[in-house]
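Here is the structure we will look at.
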Amino acid sequence: CETCSKEEAKYRCPRCMKYSCSLLCVKKHKLALSCSGVRDKTAFVSVNEFTDLHLLSDYRFLEDVGRTADAAARHSIVHSPATKRLLYCLRNKARGCNIELKTLPVGFTKRRENSTTFNSMENKFYWHLKLVFPHCHAEYTLKGVPDDKTLADILKPYIDPVESDPVVCQRLKIYTASPKSDVQILMKIENRNRNSVRYNELDASRSLLDNLKGKVIIEYPTLFVVLKTLKNDMVVLGQ
């Protein structure tokens with residue numbers, strides 16, 4: 001067992017191929033590695049290892065995609081005038097804040113999970129936000145983040161040595177142990193060629209709304225939190 005290293009392994013995770021001896025160890029490994037336990041049907045397989053089983057798996061995957069797309073196209077919500085008005089209003093409010101918000105068709109994962117709303121009474125966005133910590137291979141999803149909240153306050157529960165959650169702090173200890181001046185917040189620039197990916201550097205002391213102004217967002221913002229001292233392949237615009 002790769003979790004407890006005591007008992008003989010009985011199970012193998014379809015997702016990460018880790019061996020486990022019991023249900024308890026299976027749950028522990030899922031929690032520690034943020035593993036879903038579901039086999040990755042789109043994982044890369046070299047030509048030398050490709051078999052008839054892989055071909056059959058790909059064929060069934062394409063059938064599932066076809067059924068899902070067909071079901072999404074038939075769904076009544078897709079053709080609902082209320083849904084279209086809501087998305088139009090959301091994009092229009094974002095445009096008024098100098099933000100180009102783009103929405104995906106129904107059926108896409110980002111469209112389905114996006115929970116961004118606009119409160120007309122407060123004249124404020126409440127964003128669906130994803131935080132990615134690439135040095136620790138960790139991702140966190142936040143819902144209902146007010147647009148006047150600073151990025152520093154948003155990150156406090158994750159990388160602040162005092163205010164962060166102990167479990168999260170342990171997982172992101174490489175960030176909590178680093179000085180604040182070393183933390184860099186990046187956001188991918190959309191509508192660029194795949195061979196020229198660039199990132200905008202955001203200001204942690206400014207609000208989320210100020211940082212999003214003048215930028216293109218597809219569904220919701222995804223922020224990458226990196227450390228300047230560690231090498232990474234994210235090129236900031238202008239470098």
Side-chain angles (χ1 to χ4, degrees), residues 2-3 15-18 28-36 40 43-44 99 109-110 113-116 125-239:
E2 296 184 51
T3 302
R15 182 77 178 188
C16 63
M17 310 306 286
K18 294 286 186 182
K28 284 183 178 180
H29 113 266
K30 286 183 177 180
L31 184 62
L33 302 178
S34 297
C35 177
S36 64
D40 185 5
F44 174 77
I99 300 172
T109 302
K110 292 188 74 172
E113 66 187 10
N114 189 8
S115 61
T116 300
F125 273 98
Y126 285 88
W127 289 97
H128 183 104
L129 190 65
K130 180 175 286 187
L131 299 178
V132 181
F133 298 86
H135 303 307
C136 295
H137 305 288
E139 291 185 5
Y140 297 95
T141 299
L142 289 73
K143 296 183 179 181
V145 180
D147 60 14
D148 56 355
K149 195 171 185 178
T150 64
L151 298 188
D153 289 337
I154 293 173
L155 292 178
K156 269 185 181 180
Y158 299 91
I159 61 175
D160 189 276
V162 179
E163 299 186 27
S164 61
D165 181 89
V167 177
V168 176
C169 181
Q170 179 63 24
R171 187 177 183 188
L172 304 178
K173 58 184 177 181
I174 191 173
Y175 289 90
T176 55
S178 302
K180 290 184 179 180
S181 58
D182 192 29
V183 177
Q184 191 177 28
I185 307 172
L186 306 177
M187 189 171 76
K188 183 181 176 182
I189 301 175
E190 304 293 349
N191 297 337
R192 289 181 66 93
N193 294 330
R194 295 188 65 180
N195 59 352
S196 64
V197 178
R198 294 292 183 271
Y199 294 82
N200 277 317
E201 183 174 3
L202 307 183
D203 188 348
S205 63
R206 300 180 67 185
S207 68
L208 179 60
L209 180 63
D210 290 338
N211 278 289
L212 296 181
K213 286 182 178 179
K215 297 177 177 64
V216 178
I217 299 172
I218 298 179
E219 289 293 346
Y220 56 80
T222 299
L223 308 184
F224 296 86
V225 186
V226 301
L227 298 175
K228 298 176 184 178
T229 53
L230 296 181
K231 184 181 179 181
N232 62 77
D233 56 356
M234 297 179 180
V235 182
V236 177
L237 187 68
Q239 289 184 349

Give a yes or no answer on whether the side chain of [X] reaches the backbone of [Y] with a donor-acceptor pair at less than 3.5 Å.
X      : Y      : result
Ser34  : Lys30  : no
Asn211 : Leu202 : no
Asn200 : Met187 : no

Which residue pairs pass the ring pair (Phe, Tyr, Trp, His ring centres under 6.0 Å) test with at least one member in residues 181-212, sequence neighbours excluded? Tyr199-Phe224
Minimum heavy-atom separation for Thr116 to Glu219, with atom names?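 So the minimum-distance heavy-atom pair works out to OG1-O, 4.2 Å.
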Those residues that, when tested against [X], pass side chain to side chain donor-acceptor pair (under 3.5 Å) (two or more places apart):
X      : result
Thr109 : none
Asp160 : none
Thr176 : none
Thr222 : none

Which atom pairs, one a donor and one an acceptor, fall under 3.5 Å between side chains of residues 139-149 and the rest of the protein, sequence neighbours left out?
unit_1 : atom_1 : unit_2 : atom_2 : d
Asp147 : OD2    : Phe125 : N      : 2.9
Asp148 : OD2    : Lys124 : NZ     : 3.3

Holding to salt bridge (Lys or Arg N to Asp or Glu O under 4.0 Å), I want the full list of residues that pass it with [X], two or more places apart in sequence or in another chain.
X      : result
Glu190 : none
Asp210 : Lys213
Lys215 : none
Lys180 : none

Residues which pass side-chain contact (heavy atoms from CB on, under 4.5 Å) with Pro166, listed by chain and number, not counting sequence neighbours: none
With sequence neighbours left out, write down each residue that passes ring-ring contact (aromatic ring centres under 6.0 Å, His included) with His128, or none if nothing qualifies. Tyr220
